[in-house]
Amino acid sequence: MSIDTSNIRAQFPILERKIYGRPLVYLDNAASSQVPNRVVEAISTAYTHAKANVHRGNHLLSQEATDAMELGRIAAARLINAPSREEIIFTRGTTEALNLVATTVGETLNEGDEVIVSAMEHHSNIVPWHLLSRRKDIVIKVIPVLTNGSLDLEAYADMLSHRTRIVSVCHASNVLGTINPVKQMAKMAHGVGALFCVDGAQSAPHSVVDVQDIDCDFFAFSAHKVYGPTGIGVLYGRRAILEQLPPYQGGGEMIGHVHWNDITWADIPFKFEAGTPDYIGAAAMASAVEFVEEVGMNNIAAHEHQLAEYARQQMASIPGTRFFGNAPERCGVISFLIGHAHHYDTGMLLDKMGIAVRTGHHCAQPLMDTLGVEGTVRASFAIYNTAEEVDTFVAALRRIAPLLDQ
Ligand SMILES: *Cc1c(COP(=O)(O)O)cnc(C)c1O
């Protein structure tokens, strides 16, 4: 492997933990990645030396807190190559970012307007649109998934029409690992005058993202999946669109002025950031982005891809192993089942051996219906994982496979 993981692993003290007396093998990175020391230090330093509310104060601490938060915004813009920091809205995470899009764009939709999502979406890119459809008489169309785990682009092309107002799809599936051709899909959506929104929760941590190259109108991700803190995420929005959309929530910070008979909104991005933001989380996100930049996103992507492919090869020789997601373009996510054994049993036995994987429907129940399963076991990789850990994981699977009720 081209990456010296020992140097990287040293920055993540949690990786030295023992689980039931065994070394932790953390393969649940698609749910949340671990954080390097520098992120913890950024949080700790902010709480101990520089805590004050942002924007509202003109005292030194407040100015420092504001500057630190804005450095987080600039770092987030760099991570996805957004043209300007004003187009970066801080949210609680991908979920809130997608709710913001569904709510504000939703307000501009009329009866009979159509929204397109895909059959491999996370609940956070399904339920907000579902909620919208209860408030407004809109139509939700769903791009089907082919048996190999790719999206059916022909069906997508047929669905697009002058009634389509927005298309919202994941860049990479948290279940199948499929990387969707969002650049091509954005072009198709724009061809009928529709907006294009990308759920980037699984691409921002694992691949080089360029929102200008994709030419999307929105892009959402969560810091806690990109080596950053919990509770903060980003919605990138194209300036011209953000300027036209109504606000999301009302409160402090998002207004120009407020009088009983007259109210105006703040400029973007603040129009969409009501209330005190997670300014310490935002500042710490800058440290996470610096970590990523130091290692290099290309290196991260290549390393994870190598590990995932190696794991799949090894796992394929375990009798009964079924993989879900065989699209040609995949990220470092492996969904599988051993025979007909329950995903939970597999996950529990792995846990007893120190191996953390995710089991269940992965917040994608409609996709589970399509796959005809209740849930899967998911192993997902990050830059600090090693080939030795893959060996430990595969050896554990080999040991437990005969014990499972297949
Ligand atoms: C994790 C995830 C989300 C939700 O992210 P939160 O951080 O829980 O808001 C949305 N979409 C995908 C594809 C995800 O993997």
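Atoms within each ligand, like the ligands themselves, are counted from 1 in listed order. Given the structure is predicted, the values throughout are model-derived calculations rather than measurements.
- Here the closest heavy-atom approach between residue I88 and residue A76 is recorded as CG2-CB, 4.1 Å.
- For residues 269-285, the side chain to side chain donor-acceptor pair (under 3.5 Å) pairs, not counting sequence neighbours, are K51-Y279, N53-T276, R56-T276, R73-E273.
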Where does ligand 1 get N/O contacts under 3.5 Å from the protein, atom by atom?
{"residue": "ligand 1", "atom": "7 (O)", "partner": "S222", "partner atom": "OG", "Å": "2.7"}
{"residue": "ligand 1", "atom": "7 (O)", "partner": "H224", "partner atom": "NE2", "Å": "2.7"}
{"residue": "ligand 1", "atom": "9 (O)", "partner": "T94", "partner atom": "N", "Å": "3.4"}
{"residue": "ligand 1", "atom": "9 (O)", "partner": "T95", "partner atom": "N", "Å": "2.9"}
{"residue": "ligand 1", "atom": "9 (O)", "partner": "T95", "partner atom": "OG1", "Å": "2.6"}
{"residue": "ligand 1", "atom": "11 (N)", "partner": "D199", "partner atom": "OD1", "Å": "3.3"}
{"residue": "ligand 1", "atom": "11 (N)", "partner": "D199", "partner atom": "OD2", "Å": "2.6"}
{"residue": "ligand 1", "atom": "15 (O)", "partner": "Q202", "partner atom": "NE2", "Å": "2.6"}
{"residue": "ligand 1", "atom": "15 (O)", "partner": "K225", "partner atom": "NZ", "Å": "2.8"}

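- Counted by atom type alone, E121 and S118 present one or more donor-acceptor pairs between their side chains at under 3.5 Å.
- Pairs of residues two or more places apart, or lying in two chains, that qualify as side chain to side chain donor-acceptor pair (under 3.5 Å) and include a residue from residues 91-111 are T94-S222.
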**Message:** With side-chain hydrogen bond (donor to acceptor under 3.5 Å, both in side chains) as the criterion, how do S317 and R398 come out once you've worked through the C-alpha distance, each side chain's angles and the decisive distance to 0.1 Å?
**Reply:** CA-CA 9 Å; S317 68; R398 213 178 285 286; 3.1 Å; yes

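- For H190, the side chain to side chain donor-acceptor pair (under 3.5 Å) partners two or more places apart in sequence, or in a different chain, are D217.
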